[in-house]
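I have placed the structure first, in the form of structure tokens, so that the comments after it can refer back to it.
Every number for a ligand or one of its atoms is a count from 1 in the order of the listing.
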Amino acid sequence: MNHQLVIVLDFGGQYNQLIARRVRECGVYCEVKPYTTSVAEIKALAPIGIIFTGGPGSVYDLKAPQADPELFRLGVPILGICYGCQLLAHNLGGRVTAAQENTAREYGKTETFFDPDCKLFRGLPPQSVTWMSHGDYMEKVPEGFSLVAHSDACPNVAICDESRGFYGVQFHPEVNHTENGFGMIRNFLYKVCGAKGDWTMGDYKAAAIRQIREKVGSGKVLLALSGGVDSSVAAALLAEAVGNQLTCVFVDHGLMRLNEGDEVEQAFAKWDIHFVRANAEALFLSKLAGVTEPERKRKIIGEEFIRVFEAEAKKIGKVDYLVQGTIYPDVIESGLGDAAVIKSHHNVGGLPDYVDFKEIIEPLRLLFKDEVRQLGRELGLPKYLVMRQPFPGPGLAIRIIGEITKEKLDTLRLADFIFRDEIAKAHLEGTMNQYFAVLTNMRSVGVMGDGRTYDYTLALRSVTTTDFMTADWTRIPYEVLDRVSVRIVNEVPNINRIVYDITSKPPATIEWE
Ligand code: XMP
């Protein structure tokens, strides 16, 4: 099926995929293309609209990415964002200059005033906050353009020439800080470009399956399944695309939450794939015996994980493709450079060195987390898997302070299950991003019935965050905490005291180890 297409022309801005994601959210298919894409190629794709992204440069810098002037003669509506707006002005006869310090140069949240007659702002409030990040500004607006937004510091925040369908905004409508940014993008698509909203995640799924089949042919594919959302959705997509050419190796290290291993296995039972569940609980427990130091636990688990995976992969022989569930935020984060190592995160990223394969496939590379969840639902994965909160690779091992034993794992599993169960019953999942129990190695005196107890203290942790880099502790209602506490002390042996962790990150981290 052919869809209407919007092209996001990438001039090097940091939010280019976020723009693409907003367009997809509006039900319109879009592709991000480099600014060097030829006009002939763009024309052949027959887009209904083009969006110029932001970029790091100044339009007068000779090395800065430039727009081909032919683009303005295609008869296709254009929305220029930030640098893209300046390109528009520069190419169509306006003048862009470096803003003077403290005058029109703007960074951050800015109160902005809009002309509601402009199609871009129609139906939206005439005044709202936008997110600015520009050093240059349009000193002279091009012929035929009107000024349609301003702020206190800058008279030229947005311009348009509605007869040609050209719009430019100095701020970033794609980021959440711009209050009505989504509405503006929507207006551009629907009111300017004539979008019909003919694209769904189902179409994305169909296209992804087609592309995977073309690429893989009759080749063999291997995937390390962790049971997390990303690797599960990648596995389901590959299962749907190439069926029994796929082998999923699920390393069950015995450090998962209650019933999790079985749930993962069940979720994949409906596909005709090779599903290998390596039951390595005993091996992991023996390697972890007596280990109390958090980084050491992580190292052992990371190493053993690779070893078990490698052993299983060897049984399959040479594979052609290795699948990884990398998603777009991983791509951005890995580009950030040498951030200080606070904890050595273990995930499957380190595998390629150990397995003999031709190429890596990363089918989720351009998707954001909630899009991955949507795709997972589209592929028929169960809700409990698709909506799963983040769970660290080393599992419950880093939620048991001190030595790990099977008994402690079972204690923690049950307590953690009760906590999650009560949160679900109170319909509070949407108010928190990660919530779990931690078994401390502290014991204290209690009284139960007529007897003295001397048992472990369990900590409950719940955080609210958008990026997991910083987080606030969740204000869980007291009555819910009370129910959780009463149930855990009554139903879980070896625990006689419950505490709630009320530290944010920083200074604490989300996990306790
Ligand atoms: P921290 O504890 O560093 O956690 O504030 C931030 C987020 O990362 C998760 N986390 C991990 N994820 N392997 C992972 O795949 C790990 O070793 C690991 N350690 C922490 C943590 O659950 C939280 O979502």
Would you check whether [X] has a nitrogen or oxygen atom less than 3.5 angstrom from a nitrogen or oxygen atom of ligand 1?
| X | answer |
| --- | --- |
| Q434 | yes |
| I398 | no |
| I510 | yes |

(message) Is it the case that the side chain of E179 and the backbone of V129 share a donor-acceptor pair, with hydrogens and angles ignored and the cut-off at 3.5 Å?
(response)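 Judged by distance alone, yes, a pair lies under 3.5 Å.
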Residues 255-264, side-chain donor-acceptor partners within the protein, below 3.5 Å, at least two apart:
unit_1 : atom_1 : unit_2 : atom_2 : d
R257   : NE     : E260   : OE1    : 3.4
R257   : NE     : E260   : OE2    : 3.1
R257   : NH2    : E260   : OE2    : 2.5
E260   : OE1    : R257   : N      : 2.8
D262   : OD1    : R277   : NH1    : 2.9
D262   : OD1    : R277   : NH2    : 3.3
E263   : OE1    : R388   : NH2    : 2.7

(request) Please list all pairs passing the side chain to side chain donor-acceptor pair (under 3.5 Å) test where one or both residues lie in residues 361-372, with sequence neighbours left out. (result)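 Matches after skipping sequence neighbours: R21-D370, R24-E371, D230-K369, T326-E362, E362-R365.
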(request) Return yes if a side-chain donor-acceptor contact under 3.5 Å exists between S485 and D482, otherwise no. (result)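 Note: S485 and D482 side chains miss the donor-acceptor criterion.
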(request) Determine whether the side chains of S231 and S226 contain a donor N or O and an acceptor N or O closer than 3.5 Å. (result)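 Their side chains do contain a donor-acceptor pair, which is all the 3.5 Å distance test asks for.
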Short list, please: which atoms of ligand 1 are under 4.0 Å from a heavy atom of [X]?
| X | answer |
| --- | --- |
| K505 | 1 (P), 3 (O), 5 (O), 6 (C) |
| P394 | 13 (N), 16 (C), 17 (O) |
| T509 | 1 (P), 2 (O), 5 (O) |
| R298 | 16 (C), 17 (O), 18 (C), 19 (N) |

(request) Quick one: look at A471 and ligand 1, take heavy-atom pairs under 4.0 Å, and tell me if it's side chain, backbone, both or neither. (result)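 Neither part.
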(request) Enter the distance from I423:CD1 to I418:CD1 here, rounded to the nearest 0.5 Å. (result)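 These two atoms lie 12.5 Å from each other.
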